[in-house]
Amino acid sequence: MSGEGVRRRVAQKNRAPIGSNGQQDDHSTDDGSAKLGWAQWIFLSIYFTGVVYGSQFIGGHLPKPWPSSDHGDIRDLSRFSEDRATQHLLTLTSFRPRTVGTDGNDKFSVKYFLKEAEAIRKKASPVNLIEIDHQVVSGSFRLAFLNGFNNVYQNIHNVLVRIGPLHEYSESNRTLLVNCHFDAAIGVDGASDDLSQCVTMLEALTVLAQRAPLKHRVLFLFNGAEESILQASHGFVTQHPWAQDVTAFINLEAAGSGGRDVLFQTGPKHPWLVRAYALVPFPCGNSFGEEIFQSGIIPSDTDFRIFRDHGSIPGVDIAYVENGYVYHTHYDRVEQITPGTLQRSGENLISLIYGIVTSPEFQDLENCVECATDSAVYFDFLGIAFITYSHRSGVIVNCIFVLAAIATIFAELRLEFITSGVYTSSLRKAKLLGLGIAAAVTAVIVPVVSVACLAYLVSFVAPMSWYASPHLAFFLYGCPTVGMVFAVHRYFLSGRVMASTPIGLRESIIYHSVGFLWMIVLIITTSYGLNSAFVPLLFLAGPLPIRVMWLNFQPLTRRDLTAFLTAHMTSVSIPTIFGLYTLLSMLRVFIPIFGRSGSELNPDVALAVLVSFSIACLMSYYGSLVHVTDLKSSSQIAKLFAGIAFGTVLLISLTPIGFPYSSPPNGIAPKRLALQHFHREDYDLAGKQVSEDNGLWIVPLDFIGIKPLSGIFNLTGALSADCVGKLYCGLPFIYPIIKLFR
């Protein structure tokens, strides 16, 4: 008898019994592996909840303002003081209004910055040279932002303060530019956007003036026209003589009321700038967010564009993003800025200034080979650690982990097939692997598509119900995603091939099918040159080391429930924690933005896709646990999450909980609209007047439109704008945002 025949008979003898229907039931494939039930999934739910709240607490930490009642002396000018910065802020916000062209902006604010700069110069260390200039500039330029437009400006104000060593101690004319804007959007105080950053710069200047001189100069630009779409920065970089010495820049912005200052744009290229930023006390940001912002899906822009495109200067863009509801509203006041915000921003700024001007690249930028050819991959982990490496290094690391993943997947699956006690032909192995990949893909696509359809229907009965209550987004779109993930894996588990496969082997196939898909995503993002490839890298590299150790302790982890669950959770802990932290950060940014994203985008569908896709990806590795959960429990869990989603839909549809807006004291989530009274005269080409009228022009900035206003305004006789026969609807748009509206 041949050896092959012996092996086949042994395998057939060890194969678990098959039921009378030809399929192996849940118990017939019991290979001694542990099974999960309600208790374990409740524990996992507690774990996820702990990660959510823990990441918010740790990641949102702000330092204690200095000085405080128990430490520090406000007379010590060598340390950054939030208290002194706040006094500047209170004074500047009293100059109302501060729109470009008003006395509050062009007269009172300018005089205040000049006065404070002169006071700093008088108190400065004698080894520091401080120069002050007031620029009034006019010009024009083409800006490829939103629809694209020509921007013309006249008599725009800039206040410039340059600090550096006395000429005899100066090594070069190299200058680091630090920029903010002190003008405000129409009708707002602009305490956060962007006075908070301007007073941070003013206080940082005070500190630098007291210290030993830097080797190079630092130029503080307080620009007076950013809200009119980047005019003052253009006037400086194209017309001021000091601009030609600028080697790099730091742009400071705000799209919320404080909190963490986030790095969200760098370069272009010049990875050394991110390495300098990595050394600040409280780094925060990632290159995934940078690619999202630069894709144009966020309806905002900063002076970063001007310095990059019109000055060809490399730099970093840093902004507050917490509580974006107050952005460009009358709620943007001093009291909305969280204590510790200015302290954190100031300490980061001073550290970053020192890091940049003392870096070897800044001192010899012309001979820096990597500066013009490489870029930076960067991300923070809960605000505790900041990781950065060059794009070129990232490609090498990605390739190494792809090879390591292939080896790990092959090794464990080979071991599982050998030790499963069931003979498996090559064809059956191919079927199992194909089903595993299909299950992993379907567990993402089906939930996302289903939840997007649900969101589309919800938008008819309770649009933007989550706007004032972001937690509803989880119950509306997160819960059905979890339920669908369970349902998809239960569906594949009920098939004949999977059902007749030992539990341990099933779990490994699903787990490594997910790893295989993340490997494919990593290959694709790397081949397209995306710095956000670090995301699939974390989801691939995070589980690998633990999974390798799992191979050595497999008999224990397979049959001991605690060891098995601990090994699994530990292997996916890094991608889980980072993924939830990133998702929460994205929701804090995007949910307020949906209040000003226009009528063309359905925000319910957009948010549903964001939440569902993110949760499906986060649960990708946990899908393998469904295959080691008893059938009754997995079915009940799927129904539970579906029931929660259904109950939430009923709740927001039938009760006031679904109303999207709120105001103090119940929180800030305002209805945004542009309201203008206008007088309009139309002339033909011959110069003859053909019409004249007056009106109140109302432009709601969100998807819901004008409907909530019907009980506030008398809209009888209101007409829609003629956007077909007249350029820009024949109405005075403040900003070129017509493409955002129907």
Side-chain angles (χ1 to χ4, degrees), residues 255-257 292 297-300 321-331 448-481 583-615 644-675 698-713 715 737 739-742:
S257 61
I292 291 176
I297 65 174
I298 295 178
S300 296
V321 296
E322 299 292 330
N323 192 20
Y325 295 107
V326 308
Y327 175 73
H328 284 192
T329 73
H330 70 279
Y331 293 115
V448 173
V449 173
S450 301
V451 172
C453 293
L454 171 66
Y456 180 74
L457 297 176
V458 168
S459 67
F460 286 100
V461 293
M464 295 179 63
S465 57
W466 35 263
Y467 183 62
S469 305
H471 61 277
L472 287 177
F474 170 74
F475 296 105
L476 269 176
Y477 307 133
C479 285
T481 300
L583 174 59
L584 292 171
S585 299
M586 292 175 66
L587 292 178
R588 283 196 293 269
V589 172
F590 278 103
I591 287 180
I593 285 177
F594 286 134
R596 55 185 174 92
S597 58
S599 59
E600 291 293 271
L601 173 71
N602 187 322
D604 280 280
V605 175
L607 182 65
V609 170
L610 171 62
V611 172
S612 184
F613 181 76
S614 300
I615 290 180
I644 292 173
F646 179 73
T648 305
V649 172
L650 290 179
L651 194 65
I652 63 173
S653 303
L654 303 176
T655 71
I657 290 177
F659 186 71
Y661 310 114
S662 65
S663 60
N666 300 317
I668 297 175
K671 167 73 175 178
R672 292 177 180 266
L673 55 95
L675 187 64
I698 304 172
V699 183
L701 299 182
D702 63 22
F703 179 76
I704 298 176
I706 206 166
K707 184 178 179 180
L709 306 177
S710 58
I712 302 174
F713 295 102
L715 300 177
I737 55 175
K739 73 174 185 179
L740 300 178
F741 303 98
R742 290 193 281 270

_Using side chain to side chain contact (heavy atoms under 4.5 Å, CB included), reason through C479 and T648 one step at a time and then give a plain yes or no._
CA-CA 10 Å; C479 285; T648 305; over 6 Å; no

*Provide the closest heavy-atom pair for I706 versus P700 in the form atom of the first, atom of the second, distance.*
N-CG, 3.6 Å

_OG-CG distance between S599 and L701, expressed to the nearest 0.5 angstrom_ = 9.5 Å

*asked:* Under a 3.5 Å cutoff, is there a donor and acceptor pairing between the side chains of R596 and T329?
replied: no

*Minimal non-hydrogen separation, P592 against G324, with atom names*: CB-C, 3.6 Å

*Carefully, step by step, assess V611 and L476 under the rule side chain to side chain contact (heavy atoms under 4.5 Å, CB included).*
CA-CA 10 Å; V611 172; L476 269 176; over 6 Å; no

*Under the side chain to side chain contact (heavy atoms under 4.5 Å, CB included) criterion, do L454 and S450 qualify, and how do the steps go?*
CA-CA 6 Å; L454 171 66; S450 301; over 6 Å; no

*CD1/I591 to CE/M464 distance, rounded to the nearest 0.5 angstrom?*
9.5 Å

*Where D604 and A462 come nearest, the two heavy atoms and their spacing*: OD1-O, 4.5 Å

*Report yes if the side chains of S597 and F590 come closer than 4.5 Å at any heavy-atom pair, otherwise no.*
no

_N602 CG to F703 CZ distance, which is reported to the nearest 0.5 Å_ = 4.0 Å

*Please report the closest heavy-atom contact between H328 and R672, naming both atoms and the distance.*
O-NH1, 3.9 Å

_Rounded distance [0.5 Å steps], CD1 in I593 versus CD1 in I298_ = 4.5 Å

*Is there a donor-acceptor pair under 3.5 Å between the side chain of S653 and the backbone N or O of L650?*
no

_Heavy-atom side-chain proximity of I292 to V589 below 4.5 angstrom_ = no

*Could you pull out the closest heavy-atom pair between Y456 and F460, with the gap in Å?*
O-CD1, 3.1 Å

*Between CD of E322 and OG of S585, what distance do you get to the nearest 0.5 Å?*
7.5 Å

*Indicate yes or no: does K671 engage D702 in a salt bridge with an N to O separation below 4.0 Å.*
yes

*asked:* Quick check: closest heavy atoms across A255 and Y327, and the distance to 0.1 Å?
replied: CA-CD1, 3.6 Å

_Within-4.5 Å side-chain heavy-atom neighbours: I652 and V458_ = yes

*Rounded to the nearest 0.5 Å, how far apart are CD1 of I644 and CG of L651?*
12.5 Å

*asked:* Any side-chain to backbone donor/acceptor pair from Y325 onto Y467? Under 3.5 Å, distance only.
replied: yes

*How far apart are the C-alpha atoms of L587 and L607, what are their side-chain angles, what is the distance that settles it, and do they pass the side chain to side chain contact (heavy atoms under 4.5 Å, CB included) test?*
CA-CA 9 Å; L587 292 178; L607 182 65; 3.7 Å; yes

*Sort out for me which residue in Y661, F594, F474 forms a ring-ring contact (aromatic ring centres under 6.0 Å, His included) with W466.*
F594

*Under a 4.5 Å cut-off applied to non-hydrogen side-chain atoms, are Y331 and P664 in contact?*
yes

